[in-house]
Amino acid sequence: MMGLGPLGFTAPWLLLGLLALPVLWLILRAVPPAPVRRMFPGVVLLLGLQDDDSQTDRTPWWLLLLRMLAVAAIILGLAGPVLNPDRDRSGSGPLLIVMDAGWAGATGWQTRLDALDAQLADAARAGRAVALLQLSDPEAPVFQGADALRSRLAGLAPRAWAPGPDQIALATAALSKLQGGFDSHWFTDTLDYDGRAGLLDLLD
């Protein structure tokens with residue numbers, strides 16, 4: 001991602017299209033606007049007349065300027081502008097999202113999903129692989145594209161129980177099988193339970 005002050009771009013190479021704006025300006029100035037045709041019965045009276053002075057009409061400068069601004073806005077929009085990109089949080093390696101996803105998190109569940117969606121959006125811009133582990137109903141985490149995981153957010157829901165010994169044992173076994181290094185981000189329900197400290201040690 002390239003940044004210009006507080007503004008970053010996910011596809012900065014598209015900004016090279018701005019270099020073509022002067023060429024487009026010259027082309028539009030050289031090509032006159034299309035003539036407007038009107039049927040006038042008295043045109044026969046004009047046959048044979050000659051105009052010694054002829055001048056090609058040109059597009060008004062203000063209309064050219066508006067067109068240039070419109071093209072520039074399209075190029076900037078396609079370049080993927082991001083306001084105040086957080087480069088430190090993006091990272092570059094795989095990212096494991098851990099959620100307690102128990103009854104205690106049901107009250108602020110939508111807030112957690114919004115925060116998770118923002119985290120996945122950052123990971124997608126950085127091209128990071130992401131996996132999800134819900135401790136209340138653990139399954140073996142599989143690293144995949146962040147956009148693929150974002151499409152599943154609507155189906156996530158908290159369970160009616162907190163992570164217990166059986167769930168912690170399954171989660172511990174799943175984490176121990178993960179190969180290679182990865183970063184982790186834990187969305188906690190703020191409850192303490194047996195085995196939580198051991199999971200934290202595995203994620204360090």
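The chain is numbered in sequence order, starting from 1.
The shortest side-chain heavy-atom distance between V130 and Q144 does not fall under the 4.5 Å cut-off. D117 places none of its side-chain heavy atoms less than 4.5 Å from the side chain of Q119. Between I75 and V71, the closest side-chain pair of non-hydrogen atoms falls below 4.5 Å. The shortest distance between side-chain heavy atoms of L116 and M99 falls below 4.5 Å. Residues Q167 and R159 form no side-chain contact, since every pair of their non-hydrogen atoms from C-beta on lies 4.5 Å or further apart. Within the 4.5 Å cutoff, side-chain heavy atoms of D122 are placed close to those of R125.
Across all their heavy atoms, A174 and A140 have their closest contact at CB-CA, 4.2 Å. P138 and L133 get closest at one heavy-atom pair: CB-CD1, 4.0 Å. The heavy-atom pair separating P94 from R128 by the smallest distance is O-NH2, 3.6 Å. Considering every non-hydrogen atom in both D100 and P163, the closest pair reads O-CG, 3.9 Å.
Residue E139 qualifies as open at atom CD: its count of foreign heavy atoms under 6.0 Å is 12 or below. Within a 6.0 Å radius of CH2 in W109, other residues, nucleotides and ligands contribute more than 12 heavy atoms.
Judged by the 6.0 Å and 45° rule, R196 forms a cation-pi pair with W186.
Hydrophobic clustering (ILVMFWY, side-chain heavy atoms < 4.5 Å, transitive): L156 and I97 are in one cluster. Hydrophobic clustering (side-chain heavy atoms under 4.5 Å, transitive across Ile, Leu, Val, Met, Phe, Trp, Tyr) groups L199 together with F182. There is no path of hydrophobic side-chain contacts, each under 4.5 Å, that joins V142 to L149. In the hydrophobic cluster analysis, where Ile, Leu, Val, Met, Phe, Trp and Tyr join through side-chain heavy atoms closer than 4.5 angstrom, L135 is grouped together with L175.
Between the D189 side chain and the G102 main chain, a donor and an acceptor come within less than 3.5 Å of each other. Between the side chain of S136 and the backbone N or O of A162, no donor-acceptor pair lies under 3.5 Å. With hydrogens and angles ignored, the 3.5 Å screen pairs no side-chain donor or acceptor of S184 with any backbone N or O of L96.
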